[in-house]
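Side-chain atoms are counted along with the backbone in the values below, which use heavy atoms only and exclude waters and symmetry mates. So that the names make sense, note that chain A is the first sequence line, chain B the second, and so on, each numbered from 1.
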Amino acid sequence: MAKRPVHDIEAKWQAQWEKDGLYQAADPGQSNAEKFYGLIEFPFPSGEGLHVGHPRSYTAIDAMTRKRRMEGANVLYPIGWDAFGLPTENYAIKMKVTPQEATKKNVGNFTRQLKMLGLGFDWTREVDTTDPKYFKWTQWQFIRFYNSYYNEVEGRARPISELPPTFNKDEYRMAYKAASTINWCPRCKIGLANEEAQGGVCERCGNPVEKREKAQWMIRITKYAERLLKDLEGVDYLDKIKAQQINWIGKSEGAYVDFAIVGAQHAAPLQDKITAFTTRPDTLFGATYLVLAPEHPLVETWIKEGNVKNATAIQEYQRASAAKTEIERTNESKEKTGVQLEGVMATNPANQEQIPVWISDYVLANYGTGAIMAVPAHDERDQAFAEVFKLPIIEVISEEAMVNSDFLNGVPVWKAKDEMISWLEEKEFGERATTYKLRDWVFSRQRYWGEPIPIIHCAKCGAVAVPDDQLPVMLPEVEAYEPSDSGESPLASIREWVEVKCPQCGGDAERETDTMPNWAGSSWYFLRYCDPNNDQELASHEKLKYWMPVNLYNGGMEHTTLHLLYSRFWYKFLWDLGIVPEECGSEPYAKRRSHGLILAQGGEKMSKSKGNVVNPDDVVKEYGADVFRMYEMFMGPFDQAVPWDTNGIEGVRKFLDRVWNLFDGEAANPFSDLETVYHQSVKKVSDGIEFMHFNTCVSQLMILSNAFTDAGGVPSDMRRGFIQLLAPFAPHLAEELWEKIGEKGSVHKSGWPAFDKDKLHAATFDLVVQVNGKVRAKVNVDSDISEEDAKAKAIEAAAKWLEGKEPKQVIYVKGKLVSIVA
RNA sequence: GCCCCGAUGGCGGAAUGGUAUACGCGGGGGACUUAAAAUCCCUAACCCGAAAGGGUGUACAGGUUCGAGUCCUGUUCGGGGCACCA
């Protein structure tokens with residue numbers, strides 16, 4: 001038998017497919033077929049090249065879209081490059097080339113690698129976030145954020161021009177610049193969003209982050225918190241992905257409670273009050289002190305007014321906590337520290353008790369109101385704090401408990417949460433409140449390799465958006481783009497780029513020098529795929545209406561929190577403004593799945609430092625793309641992490657070799673059992689692709705192939721179907737075999753095989769006989785046996801275990817078993 | 001601490017509440033070969049038994065059911081996410 005000419009076949013068909021434009025999606029109007037939009041997270045084209053993890057997702061969605069295409073759907077399966085970002089900048093610095101050159105080189109390499117895998121991408125729709133034709137629209141959209149506000153009444157974003165003139169526009173813009181404490185990575189020399197500094201360390205390099213005050217561009221994603229939460233109900237995401245989104249948004253329901261304040265210099269209560277947020281207003285009777293975040297603005301006020309007696313100690317504590325990094329604050333979390341604001345007392349509205357006020361860094365300034373009522377009897381943290389500083393602990397007791405107790409004189413009663421909120425509102429001591437952990441999105445980066453934020457600062461006019469007809473704002477070509485210690489963007493030092501005329505008044509002005517985060521370009525790329533070459537709009541309504549929403553989106557778990565949240569938000573914003581048409585719906589992705597990691601042999605993570613990285617180039621060189629693809633599908637359940645196994649890929653190679661050989665020999669004569677396996681296989685592979693059980697699809701193809709081998713060949717009426725079943729997984733081999741059996745056209749547009757329901761079961765089967773739950777016998781019977789006959793045969797076969805007794809109960813499961821209770 | 005997911009042979013894993021371990025890897029045995037590789041065939045959960053057969057078995061303890069890997073309750077271990085969020 002001839003050896004399978006793997007590489008010749010693959011090269012031949014890849015060229016043919018490209019020539020025929022086989023995988024090009026038809027625009028609306030050109031096709032009457034149903035559309036299917038399959039999406040994979042577009043890769044960041046790193047200098048390392050493709051990782052074996054990338055194709056796991058690409059191959060899976062390729063299999064699914066291939067099946068759809070074979071079924072006649074108009075499939076959109078696009079590819080592009082999320083090419084801005086820090087690693088390219090670092091790579092470029094190392095290689096002494098520009099980021100533009102580095103990107104071009106890396107994209108070239110990725111393109112070669114992806115093409116060698118024979119993935120059915122529509123390459124005519126390729127997008128690149130660093131292409132001015134693309135980022136022009138990213139900038140354009142930023143200007144929409146800048147020129148919009150959130151209309152609370154309508155519950156959606158509207159153009160800022162609709163804001164009543166009595167409002168100060170700058171306070172309502174969806175994109176705004178504000179001084180904020182940012183996470184600063186001293187190694188990367190970059191400001192990070194909270195999301196990128198989780199656990200107090202830089203996401204990129206693992207260095208502890210410091211806090212810095214800096215004016216940053218922010219986007220008001222918090223306005224969408226409720227919608228981002230609620231709309232999860234209408235989409236099909238993996239449960240754990242929904243859970244991550246819900247967690248991150250972090251909704252808490254409770255109340256704001258106001259505490260009146262008395263200070264050292266004032267006998268009468270101060271004007272100021274402290275508002276605390278609590279999810280447990282029912283424990284208000286047990287609040288024995290208040291705690292403010294060290295940064296709470298009232299602390300400053302009271303120091304100035306002389307209302308606190310120990311200003312020096314307070315200021316020292318404030319300085320100490322400001323100097324701590326996030327990680328230090330977290331690590332020391334067990335030991336509570338703080339300082340009392342001596343001279344200041346608050347009134348507990350529930351019982352008019354005077355309670356002390358403290359500052360402590362266990363209270364966060366940027367959540368809730370930056371102040372809490374401490375109930376040490378019912379909160380672990382408050383308890384720890386109270387124990388350190390010997391503060392009173394009062395337990396709040398429920399009415400139910402009161403009934404059975406005899407020492408309750410004077411002990412406060414626990415009201416139900418809702419009852420308590422109503423009481424607070426009635427007495428005007430507070431109000432119902434909802435808070436979210438989600439913060440506004442820090443959108444500024446002090447880096448070169450990102451989209452310049454299209455704003456011009458004019459001394460006279462303030463911040464002015466770059467007019468649409470002057471977009472894109474290009475990155476200047478420079479020699480040095482290394483970040484500086486000053487925290488300024490490298491763009492700031494390029495004076496000829498920075499200095500411009502104000503688009504409004506024509507006076508001297510300066511460009512904004514911050515660039516956008518990576519998340520920007522990836523927040524809307526799926527829209528651009530619908531209409532990638534449009535130079536009038538980011539995408540036409542007609543095309544968006546046709547293609548959106550994405551039917552299936554797949555990517556790694558590492559992007560199911562941030563990227564998913566940002567892009568859902570971004571999409572909703574565009575939808576609010578009508579840039580994305582109403583008909584597309586409020587969510588961009590109808591269905592989201594994620595694949596598991598591919599680990600190194602032995603179960604460790606692949607990493608360069610461990611030297612256990614498998615390079616797709618080597619695998620394809622040795623085995624070819626079909627084996628590589630099929631092995632990745634066979635390794636294990638799609639959503640689980642699985643280790644690479646060199647022996648495992650050999651098994652798949654042998655399998656495809658056997659398939660190849662099957663078509664070298666004679667056609668076999670069909671017989672009943674073979675037909676059964678065939679029809680079962682059609683069903684199992686069809687269902688398996690739908691439910692993303694790709695590993696069992698491959699198993700079933702092996703079972704079918706083994707059956708054909710045993711039969712001595714593939715019966716002629718099963719040849720087409722068998723090749724069609726193979727096509728989504730081994731597209732090159734399938735195409736070659738398709739040609740070999742004399743079929744015209746591509747197998748990938750040839751239809752999808754159907755199974756015959758009547759042929760899913762063999763003529764006879766082994767009827768299982770259980771006695772008292774144990775399998776005692778098997779009787780081969782006709783498939784169409786009647787219930788009565790089956791029971792009779794079963795009882796006969798079970799005679800030995802029944803010992804002449806009459807069965808108490810006989811249960812019949814059609815096609816499976818008879819269960820006898822003796 | 002909170003949330004999510006998982007635990008099945010030597011290994012990756014399969015199994016709409018109905019024959020546990022399909023398929024693949026690795027192992028053992030054999031064929032072909034001077035030999036090896038490649039390829040092909042056979043074998044294989046564990047215990048008792050020569051065999052027929054019987055018993056045990058899906059992390060652990062219970063429960064529901066004629067019947068549980070699957071459903072319920074509790075526990076242990078592992079993975080992931082969040083975490084001083086009041």
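Sequence order on RNA chain B of the closest nucleotides to A/Gln244 and A/Thr435 puts A/Gln244 first from the 5' end. Each of A/Ala371 and A/Ile241 was assigned the nucleotide of RNA chain B with the nearest heavy atom; the assignment lying further toward the 5' end belongs to A/Ile241.
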Per-nucleotide protein contact string for nucleotides 9-24 of chain B (B base, S sugar-phosphate only, - none; heavy atom under 4.0 Å): ---BSS-B-BB--BBS

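A cation-pi arrangement, defined by a distance under 6.0 Å to the six-membered ring centre and an angle within 45 degrees of its axis, is absent between A/Arg592 and A/Tyr237.
The partner of B/A20 is absent, by the rule that a Watson-Crick or G-U pair needs both atom distances under 3.5 Å. With a cut-off of 3.5 Å on both Watson-Crick or G-U wobble distances, the partner of B/C60 is given as B/G74. Both distances falling under 3.5 Å, in either a Watson-Crick or a G-U wobble arrangement, place B/C46 opposite B/G55. Across all strands shown, nothing is found opposite B/U34 as a Watson-Crick or G-U wobble partner with both distances under 3.5 Å.
Annotation: B/G12 and B/G67 have their P atoms spaced 33 Å apart (nearest Å). Rounded to whole Å, the separation between the P atoms of B/A59 and B/A7 comes to 8 Å. Here the separation of B/C41 from B/C48, taken at their P atoms, is 33 Å to the nearest Å. B/U19 and B/G69 have their P atoms separated by 10 Å, given to the nearest Å. Between B/C77 and B/C23, the two C1' atoms lie 29 Å apart (nearest whole Å). The gap from the P atom of B/C4 to that of B/C71 amounts to 16 Å, rounded to the nearest Å. Nucleotides B/A44 and B/G26 place their C1' atoms 12 Å apart, quoted to the nearest Å. Comparing the C1' positions of B/C11 and B/C84 gives a spacing of 44 Å, expressed to the nearest Å.
The NZ-C1' distance, from A/Lys814 to B/C66, rounds to 20 Å in whole Å. In this structure, CG of A/Leu662 is placed 11 Å from P of B/C40, rounded to the nearest angstrom. Rounding to whole angstrom units, NZ of residue A/Lys251 and P of B/A83 are separated by 20 Å. The CZ atom of A/Phe277 sits 15 Å away from the C1' atom of B/C84 (whole-angstrom rounding). If you take CE of A/Met557 and C1' of B/G6, they are 13 Å apart, rounded to a whole angstrom. Spacing between atom OH of A/Tyr436 and atom C1' of B/A83 amounts to 20 Å, rounded to whole angstrom units. Regarding A/Leu364, its CG atom lies at a distance of 6 Å from the C1' atom of B/C84, rounded to whole Å. For the pair A/Leu597 CG and B/G80 P, the computed distance is 9 Å after rounding to whole Å.
Look at A/Lys791 and A/Glu787 and you find a salt bridge, because one of the NZ, NE, NH1 or NH2 atoms lies within 4.0 Å of a carboxylate O, short of that distance. Salt bridge annotation for A/Asp687-A/Lys683: present, with a cationic side-chain nitrogen under 4.0 angstrom from a carboxylate oxygen. Remark: A/Arg432 engages A/Asp418 in a salt bridge, criterion side-chain N to carboxylate O under 4.0 Å. Of the charged side-chain nitrogens involved, none lies within less than 4.0 Å of a carboxylate oxygen, so that A/Arg280 and A/Asp379 do not count as a salt-bridged pair. Taking the charged nitrogens against the carboxylate oxygens, A/Glu253 and A/Lys417 have no contact shorter than 4.0 Å, which rules out a salt bridge.
Heavy atoms of A/Lys774 sit under 4.0 angstrom from primed sugar atoms or phosphate atoms, though from no base atom.
Side chain A/Lys336 to base B/C84: a donor-acceptor pair is found below 3.5 Å.
B/G9 takes the syn form, because its glycosidic angle lies no more than 90° either side of 0.
At B/A86, one or more side-chain N or O atoms of A/Tyr367 fall inside 4.0 Å of OP1 or OP2 (strictly under the cut-off). For A/Arg776 and B/G53, the shortest distance from a side-chain N or O to OP1 or OP2 is not below 4.0 Å. For the OP1/OP2 pair of B/U39 and a distance below 4.0 Å, the side-chain nitrogens and oxygens of A/Arg653 include at least one atom meeting the criterion.
Between A/Tyr362 and A/Phe385, the angle of the ring planes lies from 30° to 60°, which puts this pair in the tilted group. Taking the six-membered ring where tryptophan is involved, the planes of A/Trp441 and A/Phe569 are perpendicular, since the angle between them exceeds 60° and thus also 30°.
Side-chain contact between A/Tyr812 and A/Ile785 is present, with at least one heavy-atom pair separated by less than 4.5 Å.
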